[in-house]
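Because the structure is predicted, anything quoted here is derived from the model rather than measured. Naming convention: chains lettered A, B, ... in sequence-line order (proteins, then strands); numbering from 1 in each chain. The figures here come from the full heavy-atom set of this structure, side chains too, leaving out hydrogens, waters and symmetry mates.
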Amino acid sequence: MLQTRRCGELSEADDDTEQTLCGWLQETRNLGGIAFLQLRDSTGIAQLTLPKKKVGEDNFKVWTAIARESTLRVTGTVKANQEAPNGLELVPTELEVLNAAATPLPLGVVDRIESEIETRLNARYLDLRRPEVAAFFRIRAAISGAVHNHLRREGFLEVQTPKIIASATEGGTALFPVQYFDREAYLAQSPQLYKQVLMSGGLDRVYEVGPAFRAEEHNTPRHLNEFISIDIEMSWADDDDVMGVMERLVATCAESVSQEAEALTALEMAPLEVELPLPRITYDEAIEIASAKADIAWGDDLSMEATRAIAEQYGGFYFITKWPLSLKPFYIQAEGEKHSKGFDFMFREVEMTSGGQRVHDVALLELRLREQGLDPKEFGHYLEPFRYGMLAMVFSGAQNVRECVLFPRDRNRLTP
RNA sequence: GCCCCGAUAGUGUAGUGGCCUAUCAUGCAGCCUUGUCGAGGCUGCGACCCGGGUUCAAAUCCCGGUCGGGGCGCCA
């Protein structure tokens with residue numbers, strides 16, 4: 001057995017027993033006649049205490065010279081001691097360096113200095129060793145679990161569709177071309193076309209959680225060129241039904257995240273309260289609110305400036321419903337003359353995703369397509385993909401999506 | 001793709017034409033120190049993004065590039 005305890009698992013009951021621990025050497029405090037080493041793994045920190053007389057001159061010299069963030073395996077006797085952190089320490093008899101860390105580190109794991117996200121991403125393997133960084137991924141995982149549980153409970157079937165596709169299925173988004181043997185192919189920007197086929201195939205409630213790729217050259221704290229999307233499609237439903245699914249889904253996520261007390265504490269983040277039903281404001285109302293603070297007229301898309309004004313009144317999640325037909329894709333159903341059954345799902349000033357009721361009449365669909373000068377053989381979908389990173393960002397309080405993605409792909413970043 | 005702002009030791013920063021042989025912290029290296037937990041003390045190491053230009057003189061001013069931050073656009 002490589003280890004007999006995790007670093008965070010030592011207890012009073014282990015007093016005077018021999019144990020073996022593995023972990024990263026977080027810090028060494030050498031006081032001359034005695035030294036303290038902090039050994040860390042994902043469960044916590046154990047203090048190794050090295051009284052020079054007990055461990056011997058030679059061991060003392062070698063063991064206190066090990067570079068920070070090296071990986072160690074250490075065996076010794078556990079001692080309960082009031083002066084030790086958590087009241088426990090381990091006095092080593094054997095200490096093996098599994099891997100010595102390079103020095104100096106590109107990034108201090110426990111240093112007081114806060115590095116820029118750019119530096120951190122370049123040394124992500126070190127960055128992730130910080131509890132507040134790992135916390136983002138605990139929250140992400142909590143959301144992931146909640147999404148699957150919830151949608152399954154509501155009768156949605158999880159599906160996986162191809163990520164290598166033959167042609168640009170949508171007119172708008174730039175795709176990444178890839179070489180597929182001797183043909184050109186693309187990385188999928190959305191599962192929409194396949195979801196569409198599944199609806200026809202009788203799987204009338206499906207969802208997919210998977211990667212999506214968009215070759216857009218934007219550079220914002222919210223956009224990535226590769227992201228994990230939560231994509232939902234349901235038949236026999238109108239825009240209200242879809243909003244119902246979305247708000248219940250988000251409420252389940254909030255509930256699940258609120259149980260991640262340790263991660264939230266590390267992030268200094270209060271759990272988000274989601275009270276159902278979420279507010280629904282119409283586009284017309286949104287324009288009225290926004291026009292007091294922003295230069296905006298009916299028929300305009302809502303700028304960041306406009307949504308900030310709205311966010312002053314709606315602090316959490318909410319829907320903006322009944323958008324002008326002209327601002328929504330051709331496949332969204334009309335409501336009256338100028339309005340549509342399309343909605344945006346918002347968190348404060350940020351658009352999380354959008355959705356709506358689709359036009360199911362093929363003739364009408366083709367007419368609307370031609371009006372927009374598009375090819376009628378293309379189809380739409382009920383719900384724009386939900387970006388995982390965005391949910392994680394909101395629930396963790398991150399200022400940049402890159403925080404919530406292990407190895408983000410953006411305009412300039414392809415490694416690590 | 002457009003606009004505004006920025007780039008200085010491993011990391012984070014100070015420095016607005018000569019006082020820069022470039023500040024401070026952290027780190028790293030060495031020495032001292034038997035209860036550290038943001039350990040402490042002493043000594044040392046280490047940097048002006050790249051390419052042009054202006055000037056007697058450039059980290060500092062100008063032009064181009066690269067990269068980063070914010071906003072916009074794009075994301076039917």
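- At whole-Å resolution of the value, CZ in A/F60 and C1' in B/G35 are 12 Å apart.
- Using a 4.0 Å heavy-atom criterion, one finds that A/A84 contacts the bases of the nucleic acid, with or without backbone contacts as well.
- Judged purely by atom type and a 3.5 angstrom limit, A/S229 has no side-chain atom pairing as donor or acceptor with the backbone of A/D231.
- Atom pair A/R222:CZ and B/G69:C1' shows a separation of 13 Å (rounding to whole Å applied).
- Proximity of A/T119 to the phosphate of B/G12: a side-chain N or O atom is located under 4.0 Å from OP1 or OP2.
- On the P atoms, B/U11 is 15 Å away from B/G27, given to the nearest whole Å.
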List the steps and the verdict of salt bridge (charged side-chain N to carboxylate O under 4.0 Å, His left out) for A/R5 and A/D14.
CA-CA 10 Å; A/R5 290 283 185 278; A/D14 298 320; 2.8 Å; yes
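- Taking atom CZ of residue A/R308 and atom C1' of nucleotide B/C72, one finds them 12 Å apart after rounding to whole Å.
- Proximity note for A/P85 (side chain, C-beta onward) versus B/G12, B/U36, B/C72: the nearest is B/U36.
- Nucleotide B/C28: paired with B/G44 (Watson-Crick or G-U wobble, both distances less than 3.5 Å).
- Base pairing annotation: B/C37 forms no Watson-Crick or G-U wobble pair, as no partner gives both donor-acceptor distances under 3.5 Å.
- As the counterpart of B/A22, no nucleotide is assigned, since no Watson-Crick or G-U wobble pattern has both distances under 3.5 Å.
- No side-chain donor-acceptor contact under 3.5 Å links A/Q189 to the backbone of A/L175.
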Expected string for nucleotides 26-33 of chain B under the B/S/- scheme (protein heavy atoms, under 4.0 Å, primed atoms plus P, OP1, OP2 as sugar-phosphate) is SSS----B
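- Across the C1' atoms, B/G46 and B/U54 are found 32 Å apart, a figure rounded to whole Å.
- When the C1' atom is used for both B/C74 and B/G15, the distance is 40 Å, rounded to whole Å.
- A/S354 places no side-chain N or O within donor-acceptor distance of the main-chain N or O of A/D344, the cut-off being under 3.5 Å.
- Ring pair A/F345/A/F317 is parallel by interplanar angle, where below 30° counts as parallel and above 60° as perpendicular.
- Relative ring orientation between A/Y207 and A/F156 is described as perpendicular, the plane-to-plane angle rising above 60° on a 0-90° scale split at 30° and 60°.
- B/C20 and B/C63: their C1' atoms are spaced 26 Å apart (whole Å).
- Rounded to an integer number of Å, the gap from A/N122 CG to B/C49 P is 18 Å.
- The interatomic distance linking A/R402 (CZ) with B/G69 (P) rounds to 6 Å, in whole Å.
- Heavy atoms of A/R120 sit nowhere under 4.0 angstrom from any nucleic acid atom.
- Using a 4.0 Å heavy-atom cutoff across all strands shown, A/K53 reaches at least one base atom of the nucleic acid.
- Nucleotide B/G68: paired with B/C5 (Watson-Crick or G-U wobble, both distances less than 3.5 Å).
- Not one N or O on the side chain of A/R6 forms a donor-acceptor pair closer than 3.5 Å with the backbone of A/D41.
- A/E89 comes within 4.0 angstrom of a base, heavy atoms only.
- Looking at heavy-atom distances under 4.0 Å, A/E83 makes contact with a base.
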